[in-house]
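These notes are about the structure you will find just below.
Proteins come first, then strands; the chains are lettered A, B, ... in the order of their sequence lines, and each starts at number 1. This structure is a prediction, so every number in the text was calculated from the model and none was measured.
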2 protein chains.
Amino acid sequence: MDQMTPCFNYHDCENCPIRERGVCARCDDRELVPLNEIKYYRSYEAGQTMVWSGDAMDFVGSVVTGIATLTQTLGDGRRQMVGLLLPSDFVGHPGRACAAYDVTATTDIVMCCVRKKPFEDMMLQTPHLLQRLLEITLDELDASREWMLLLGRKTAREKIASLISIIARRDASAHAAGSGGVTIALPLSREAMADYLGLTLETVSRQISALKHDQVIVIERKRRITIPDMDRLLEEAGDDTDGGMPVREGDPKLVPRSSARQ
Amino acid sequence: MDQMTPCFNYHDCENCPIRERGVCARCDDRELVPLNEIKYYRSYEAGQTMVWSGDAMDFVGSVVTGIATLTQTLGDGRRQMVGLLLPSDFVGHPGRACAAYDVTATTDIVMCCVRKKPFEDMMLQTPHLLQRLLEITLDELDASREWMLLLGRKTAREKIASLISIIARRDASAHAAGSGGVTIALPLSREAMADYLGLTLETVSRQISALKHDQVIVIERKRRITIPDMDRLLEEAGDDTDGGMPVREGDPKLVPRSSARQ
DNA sequence: CGGTCTTTTGATGATACTCAACATTGGTGG
DNA sequence: CCACCAATGTTGAGTATCATCAAAAGACCG
């Protein structure tokens with residue numbers, strides 16, 4: 001269980017695993033000095049809620065190792081995941097006093113934190129920090145909009161296929177995509193997947209079984225799956241680049257209803 | 001039809017209707033000078049597609065007057081609106097060459113545009129521009145996450161009630177909320193509302209009829225509705241602040257399933 | 001080996017989609 | 001001014017998908 005015990009003895013930013021991708025990515029060595037001084041590490045155990053929605057939040061931070069989720073909850077308990085935080089992702093909203101979402105550690109996690117006020121002050125003096133945070137936020141916005149398409153218009157089966165392909169795409173860089181297929185670890189429980197996809201956990205389970213039955217995926221050890229044919233999975237995910245010609249103009253009668261499935 | 005013919009003779013930014021809220025909001029008069037020189041206005045008619053997803057996009061811009069939508073489309077024609085652009089909202093992704101969404105004018109619209117390259121150059125030299133764009137993007141991200149909750153977990157009825165209350169909240173500043181109730185104009189067709197909410201237009205129509213039948217709203221002239229009791233509407237929208245005590249810890253058995261409705 | 005937690009599977013039902021017909025609205029031209 | 005048309009919106013009947021309730025089977029852990 002190597003990755004379960006992240007020993008952080010980098011107290012300098014230079015050896016940080018997210019040096020290349022975090023908010024600090026654009027900072028030069030000179031700019032790193034003050035950041036180095038005001039940052040501190042904080043770790044949480046798997047399952048622990050790091051921040052409660054509505055609570056005062058006096059710090060911002062970046063995920064160094066581990067995975068966390070952002071969730072929103074309706075008064076009666078319905079839950080929707082609105083963000084998946086992976087290493088280098090940023091948490092917090094400069095300029096807001098309170099957290100807008102619950103932040104929960106899915107695995108054991110290490111955060112690199114800075115108290116909000118010093119961070120805001122530093123941001124005003126460090127365009128590189130500001131620039132990188134804007135980039136990160138714009139990417140996050142794109143991701144959340146892609147997710148909206150999934151939530152609003154995809155079928156249960158497509159949602160599952162999309163989730164698996166998203167995780168596979170991310171893991172792809174690490175686990176070289178051997179010709180025999182890609183194997184990935186699902187970092188989420190069925191319930192978390194349901195919260196992610198706007199489904200019930202039963203539907204998630206059923207659709208995973210169905211994809212397995214249809215040999216789109218192969219299951220080994222519940223939380224570990226192999227994808228024999230990536231293209232096949234992407235087809236199932238629905239967002240392939242338009243099987244035929246791109247219909248853009250012309251006879252409106254030919255444009256299908258926006259909710260049409262299949 | 002006064003607002004249908006927006007005569008733009010402000011060629012200086014000072015009198016601009018979005019001076020207070022646009023990307024330029026934080027700029028001082030000195031910073032406004034170069035912006036003034038590189039900006040240009042561009043208008044589109046209602047229904048016109050301003051940008052096609054995937055096309056090269058060599059400018060960024062802000063909505064000055066009118067309304068536009070961002071939509072994503074699946075290969076088979078299913079459509080999901082992923083953003084609603086109101087005056088002062090920003091369009092474009094500095095650092096990206098291609099548009100990620102279709103941008104369509106819902107009403108006649110006037111945009112204040114800047115070619116992308118000059119804008120990016122100027123942004124690097126103008127922290128106020130960068131700061132404001134970050135603020136706008138963070139707000140947009142929050143909005144899209146709230147929307148994800150709606151898409152993933154709300155019922156059709158709640159979705160409609162939410163949409164109406166969102167529009168009402170925005171209009172509230174303009175049309176003083178008389179004690180007799182608020183009257184708002186729906187800027188969207190039933191189909192556009194369906195694309196927004198992840199429903200079919202029939203379901204939208206049915207739920208509007210149902211809310212009317214239950215006297216949550218009063219309809220006059222199809223695209224114009226009155227809200228007699230705002231609190232009632234917010235209740236129907238589902239995101240009220242938890243009828244009872246906020247359940248946070250304690251017996252997990254008491255926490256309802258995340259997909260439970262009602 | 002019993003306990004709890006997670007996951008799977010089954011039976012049933014409600015919500016929202018599909019297809020279809022009809023009503024209303026707004027604009028155009030006789 | 002009214003008839004007509006196209007676009008938009010409403011309503012109805014039947015159905016598919018996914019949620020709910022329930023129970024059993026696997027996993028994990030002391």
- Measure from CD1 on Ile225(B) to P on dG9(D) and round the result to the nearest Å. 13 Å
- Message: Using a 3.5 Å distance criterion without hydrogens, assess whether the side chain of Lys154(A) forms a donor-acceptor pair with backbone atoms of Ala237(A).
- Response: yes
- Item | Separation of atom CG in Leu201(A) from atom P in dA25(D), rounded to whole Å | 19 Å
- Item | Distance-only donor-acceptor test, Glu202(A) side-chain atoms vs dC18(D) base atoms, 3.5 Å | no
- Task: Give a yes/no answer on whether the side chain of Ser189(B) brings an N or O atom under 4.0 Å of OP1 or OP2 in dT8(D).
- Result: no
- Task: Keeping the roles fixed (side chain from Asp76(A), backbone from Arg78(A)), state whether a donor-acceptor pair exists under 3.5 Å.
- Result: yes
- Query: Looking for any heavy atom pair under 4.0 Å, which part of the strands does Gly47(B) touch: base, sugar-phosphate only, or nothing?
  - Reply: nothing
- Task: Would you mind classifying the nucleic acid contact of Ile208(A) as base, sugar-phosphate or nothing, using non-hydrogen atoms under 4.0 angstrom?
- Result: nothing
- Item | Presence of donor-acceptor pair under 3.5 Å, side chain of Arg206(B) and base of dG12(D) | yes
- Message: Nearest whole Å is fine: how far is dT25(C) C1' from Ile219(B) CD1?
- Response: 14 Å
- Task: For Ser205(B), report the nucleic acid contact type (base, sugar-phosphate, nothing); a contact means any heavy atom under 4.0 Å.
- Result: base
- How is Arg157(B) classified with respect to the nucleic acid when contacts are heavy atoms under 4.0 Å: base, sugar-phosphate, or nothing? nothing
- For Arg190(A) and dC28(D), give me the distance from atom CZ to atom C1', rounded to whole Å. 15 Å
- Is Arg145(B) reaching over with its side chain to a backbone N or O of Val82(A), donor-acceptor style, under 3.5 angstrom? yes
